[in-house]
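Working notes, structure below.
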Amino acid sequence: MTRLGFLLDSESCIGCHACTVACKAEHDVPLGVNRTWVKYIETGTFPDVNRHFSVMRCNHCDDAPCISICPTNALFRADNGVVDFDDDNCIGCKGCMNACPYDAIYINPATNTANKCNFCNHRIEQGLEPSCVVVCPTHAIKVADLDNPADATTELIAQSDTAVRAPEQNTRPKVHYRGADAASLDPLRTAIAVDGMIWADTTAQHPTADLGGDGVEARTAYTTAHQMTWKAKVSSYLVTKAVAAGMMMVAALLVLLGHGGEQAVVGVAPAVTAGVFLALTGVLLVGDLRQPARFYYLITRANPRSWLVKGAVVLGAFAAVSAAWFIAGVAGSVGALQGLAAPAALLGLATAGYTAFLFAQCEGRDLWQSPLVLPTLLAQAVVAGGAGYAVMELAADGPDPVAVQWVLLAGLLATAVLVAAEVLGRGTPHVEAAVAAMTRGRYARQFWLGGVVLGLAAPAVLVAISLAADAGSWLAAVAGISAVVGMWCYEDSFVRAGQSVPLS
């Protein structure tokens, strides 16, 4: 058995970039992206300063999260242990980029598919070494057969004090560093420029230094820019599916409370609303793909381990139950609605909550690994359902407006508690840097004014006034609209803050 890895000898590296150039030439890598690159950091203070070089690339992990999350098996493990990819299978979902703890995967602008170092596997299969190994003038890049203890490079790894990047992620990376400065392997220990990273004029201000980062030991003089892959479409999808799920969950609750005979607002309207917002969810998901025409690969080339695939199954099942609910509502069948209440509620919970498991597969984003993500998504679905019904009551008298307002208020209070626990809790340095980005840094205004004030505090006060003063449905509707808009602000700050921490 062969299990290939690299030894990158920083003690020998002279920072010449021959490996980067050879890689670009071998694989026709476009400008602006890299499969391998050389990171420069500087330590000390003048005149006692040093420059250190470290080659950065895919770590070909034994437990590769990019393979698990890839919905179409575009990323796979070759027989020699290399993590390789197939452009023809990639749909450009960018899940692998968030799963990778090393910022090693990029979207090729020429093909709109995910690419990375693949160990020059086409050369390995011909008995040749990777192009970076051949071209390195100081033999700083060496191939190791890690399953062969007699292999010279494997022996060197065993005898040397080598290190790997982000060992706390437990991905078991197969790229070993010899003589690398610890600050070079941990981006939170360096000050990084914010103006493109290419021969940048750096300062002591790290993009995460004002976000809770401490222990800065060096400055990065040269590296690649950190990527943000999931943006407004993903934030919006979290809200649209929360509305769809929440409407059906509240409808199921009303049926169980004995309101099944009110077909218009219990049997028809929630199913129609859920259908519209599920359609929007699908449009957002497909629109966020870099290869949207291949969206059906989620079914035809599905990786059953990926929560992108499992989520698609959940959404499909929820759509089917919502359609059945609509038919039962039109037919006026109270018995059918009662029979569908439990499946609708359970699939509503699954629709709202499955993204927590998808985020958990994004091992490169520590903020998203929180156990609070699932209950927060479920509480937001309750808010969205209550908000939807509160707005709907402006057009038609609801079956139990007081109960709907209590549902909305309960969801708001639960969400507030969970969000507070999220931002006040302790976590890894990456979590604390991301939380700081959300609460004190780049996304603070959106989080506080949008997510907290507009999304939680204001609607809670409005619903409380409505309940106390019996002010009518208009006040609850305003609260519902405010809550949903604020929910988007929170989700967008959460999604972006989770990706804001540099990984290389």
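Along the sequence shown, residues carry numbers from 1.
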Rounded at 0.5 Å granularity, tell me how far [atom1] in [X] sits from [atom2] in [Y].
X	Y	atom1	atom2	value
Y177	S184	OH	OG	7.5 Å
L308	C93	CG	SG	5.0 Å
T300	R294	OG1	CZ	11.0 Å
I14	R51	CD1	CZ	13.5 Å
T111	R290	OG1	CZ	9.0 Å
L315	L298	CG	CG	10.5 Å

Is a side-chain N or O of [X] found less than 3.5 angstrom from the main chain of [Y], in a donor-acceptor match?
X	Y	result
E363	N170	no
N108	A110	yes
N115	Y106	no
T428	V431	yes
Q380	A242	no
K231	V495	no
K94	W230	no
S322	A271	no
K174	G81	yes

>> Using the rule given for side-chain contact (heavy atoms from CB on, under 4.5 Å), can you reason through L8 versus R178, listing the C-alpha separation, both sets of side-chain angles and the distance that settles it, and then say yes or no?
In response: CA-CA 6 Å; L8 303 179; R178 183 187 185 200; over 6 Å; no
>> Under the criterion side-chain contact (heavy atoms from CB on, under 4.5 Å), I'd like the reasoning laid out for M56 against N34: C-alpha separation, chi angles, the key distance, then a yes or no.
In response: CA-CA 10 Å; M56 299 282 149; N34 297 285; over 6 Å; no
Which heavy atom of [X] sits nearest to which heavy atom of [Y], and what is that distance?
X	Y	result
A99	I69	CB-CG2, 3.7 Å
R35	C23	CB-SG, 3.4 Å
A352	A381	CB-CB, 3.5 Å
Q369	C362	NE2-O, 2.7 Å
D103	C100	N-SG, 3.7 Å
L408	V383	CD1-O, 3.4 Å

> For K233, does the NZ atom sit with more than 12 other heavy atoms under 6.0 Å from it, leaving out its own atoms?
Replying inline: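 It does not: K233 NZ has 12 such atoms or fewer within range.
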>> Please check if the number of heavy atoms outside F295 that lie under 6.0 Å from its CZ is greater than 12.
In response: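 No, because the 6.0 Å sphere around CZ of F295 holds 12 heavy atoms or fewer from other groups.
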Looking just at side-chain N and O atoms, do [X] and [Y] make a donor-acceptor pair shorter than 3.5 Å?
X	Y	result
S370	E422	yes
N98	T229	yes
Q291	T113	no
S10	H52	no
N73	D86	no
R57	T36	yes
W488	S236	yes
N121	N80	yes
T171	Y102	yes
S500	Y443	no

May I ask you to test the [X]-[Y] pair for a side-chain heavy-atom distance under 4.5 Å?
X	Y	result
L75	K116	yes
W368	F494	yes
V309	T72	no
T153	V143	no
H122	C120	yes
M248	L349	no
M97	I107	yes
F277	V239	no

>> Run F6 and V55 through side-chain contact (heavy atoms from CB on, under 4.5 Å) and show every step you take.
In response: CA-CA 11 Å; F6 280 115; V55 176; over 6 Å; no
>> Check for me whether K241 meets the cation-pi criterion with F318, that is, NZ or CZ under 6.0 Å from the six-membered ring centre and within 45 degrees of the ring axis.
In response: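 No, a cation-pi geometry is absent between K241 and F318.
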> Residues two or more places apart in sequence or in another chain: which of them pass side chain to side chain contact (heavy atoms under 4.5 Å, CB included) with A379?
Replying inline: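 A379 satisfies side chain to side chain contact (heavy atoms under 4.5 Å, CB included) with A414, T415, L418 once adjacent residues are dropped.
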> Is the distance between the ring centroids of F53 and Y40 less than 6.0 Å?
Replying inline: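 That pair passes the under 6.0 Å test.
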> V453 and W448: side-chain contact (heavy atoms from CB on, under 4.5 Å), yes or no, with the steps?
Replying inline: CA-CA 6 Å; V453 175; W448 289 110; 5.6 Å; no
> Just one of T223, D181, L185 clears the side-chain contact (heavy atoms from CB on, under 4.5 Å) bar with I41, so which one?
Replying inline: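 In the set T223, D181, L185, the residue that makes a side-chain contact (heavy atoms from CB on, under 4.5 Å) with I41 is D181.
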> Using 4.0 Å as the upper bound for N to carboxylate O, is an ion pair formed by E129 and R123?
Replying inline: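 Between E129 and R123 there is no salt bridge, as every charged N stays at least 4.0 Å from the carboxylate O atoms.
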>> Is the ring pair F119/H60 parallel, tilted or perpendicular, if the boundaries are 30 and 60 degrees?
In response: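 Taking H60 first and then F119, their aromatic rings stand perpendicular (interplane angle over 60°).
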